[in-house]
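Remarks on the structure that follows.
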Amino acid sequence: MTVSKLVREIWEQPKGKAEAGGRLVDLPEKPHKKKKIKALRPSDILNKKRTIYDFEGRFLDSFGRPEKHAKWFITGPSFSGKSSFVFTLCDYLADHGLIDYNNHEEAGGDAQTVADKIEKHVRPEVRHKIRLYKAAMESDTHETMLDRMMKKASADFGVIDSVQHAELSKRQYLNMTDKLCSPRKGKSLIFINHWIKNDYTKFLKHDCDVKIEVIGFVAYVESRYGGNKPFVIWEQGAKDYWRKKYTQVIRGKYWPGKKK
């Protein structure tokens with residue numbers, strides 16, 4: 001047998017097979033080469049250039065200076081000022097980029113109640129930077145929020161209102177945050193959560209960088225970026241709700257369920 005004929009016969013054999021004793025036998029599969037872990041030295045972390053939002057005033061006092069790819073968690077009972085706080089926050093964030101507000105409540109954002117909040121809390125000159133819609137977290141037939149925010153020149157901030165109404169699962173949350181809340185993609189996501197405490201919501205809260213609980217028109221803040229001063233949403237409403245405890249609350253000396 002010539003060398004060329006032998007090579008041709010070997011080439012024509014089925015992949016993963018070899019001839020032994022006049023018959024084809026299975027070859028052991030070649031193990032896939034694993035990607036190496038990228039290990040960072042302290043100097044790599046310290047010298048890395050980061051995109052940080054330079055908050056000022058009371059936003060700096062409460063939230064510090066968040067990185068561009070931060071995750072926010074907002075919760076609180078109904079009629080506590082949560083929606084007013086979110087639109088106040090969106091008004092400020094609009095100075096730093098575009099906002100996609102995925103509203104699964106209040107007629108998908110096209111309700112008079114939403115119009116009233118925009119009129120009261122969002123400046124006319126930045127309203128064009130906030131886009132409201134209702135998009136599924138997962139769909140084979142319609143554009144999802146993730147599809148939209150993965151596009152070039154898409155929004156810098158994404159709001160999901162609410163986690164429960166959007167039926168956001170833990171798997172979808174991890175997939176979305178892995179793809180969007182990374183230094184390379186640089187998106188901030190804000191998750192609005194009903195005042196429910198279960199294993200899933202505890203996981204969301206623990207995973208997020210800025211954790212906010214709104215009660216009685218005051219937002220109690222736990223931020224990894226500094227600040228952490230309680231944020232007063234509506235002063236008169238807060239005074240009426242907290243009464244004698246108002247001063248302690250706004251100074252961060254008292255909050256229900258928190259030990260000081």
Side-chain angles (χ1 to χ4, degrees), residues 53 55-63 66 70-134 155 157-166 188-196 201 205 208 210-223 227-243 245-247 249-252 254-256:
Y53 290 118
F55 284 8
E56 297 178 343
R58 64 182 187 139
F59 290 88
L60 173 62
D61 294 340
S62 293
F63 313 117
K71 294 170 285 188
W72 299 58
F73 178 89
I74 301 173
T75 190
S78 298
F79 303 104
S80 61
K82 191 163 70 262
S83 294
S84 296
F85 168 73
V86 172
F87 279 98
T88 300
L89 180 63
C90 285
D91 172 76
Y92 188 73
L93 294 179
D95 288 333
H96 301 273
L98 298 174
I99 301 166
D100 267 14
Y101 197 121
N102 190 0
N103 196 328
H104 282 254
E105 303 186 31
E106 298 180 274
D110 188 20
Q112 184 60 48
T113 51
V114 176
D116 292 340
K117 291 176 188 117
I118 293 172
E119 183 71 31
K120 185 176 181 181
H121 300 290
V122 183
R123 293 163 291 159
E125 61 267 28
V126 299
R127 288 174 187 170
H128 68 283
K129 299 180 77 174
I130 303 173
R131 293 85 63 92
L132 292 98
Y133 55 80
K134 181 179 180 180
F157 304 93
V159 181
I160 299 176
D161 188 4
S162 62
V163 167
Q164 284 74 25
H165 275 76
S188 292
L189 292 179
I190 301 167
F191 300 92
I192 302 174
N193 192 81
H194 289 178
W195 211 33
I196 299 170
T201 58
K205 181 179 179 180
C208 286
V210 184
K211 316 163 206 301
I212 300 162
E213 185 176 49
V214 178
I215 300 176
F217 304 102
V218 176
Y220 181 84
V221 183
E222 295 173 300
S223 173
N228 294 303
K229 181 179 179 181
F231 187 96
V232 179
I233 302 161
W234 177 31
E235 186 176 10
Q236 188 57 54
K239 287 180 178 179
D240 292 342
Y241 180 91
W242 294 103
R243 298 182 180 276
K245 291 181 179 178
Y246 173 76
T247 302
V249 168
I250 64 171
R251 288 180 179 175
Y254 171 79
W255 194 258

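Values below: every heavy atom of this structure, side chains too, minus hydrogens, waters and symmetry copies.
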Lys129 NZ: over 12 foreign heavy atoms closer than 6.0 Å: yes
Tell me whether Asp110 at atom CG has more than 12 heavy atoms from other residues, nucleotides or ligands lying less than 6.0 Å away. no
Under a 4.0 Å threshold between the charged nitrogen and the carboxylate oxygen, would Lys117 count as salt-bridged to Asp91? no
Between Tyr133 and Asp100, do the side chains contain a donor N or O and an acceptor N or O under 3.5 Å apart? yes
If we count only N and O atoms by modelled type, under 3.5 Å, do the side chains of Glu213 and Thr75 hold a donor and an acceptor together? no
With under 30° as parallel and over 60° as perpendicular, where do the rings of [X] and [Y] fit, or are they tilted in between?
X	Y	value
Phe55	Tyr92	perpendicular
Phe59	Phe63	tilted
Tyr220	Trp255	parallel

Rounded to the nearest 0.5 Å, how far apart are NE2 of His165 and CD of Glu105? 4.5 Å
Distance, nearest 0.5 Å, that separates CD of Gln164 from CZ of Phe191: 12.0 Å
I want to check something: taking the side chain as every heavy atom from C-beta on, are Ile130 and Val122 in contact at a cut-off of under 4.5 Å? yes
Are Phe79 and Phe217 close enough that their ring centers fall under 6.0 Å? no
Ring centroid separation for Phe231 and Phe85, is it under 6.0 angstrom? yes
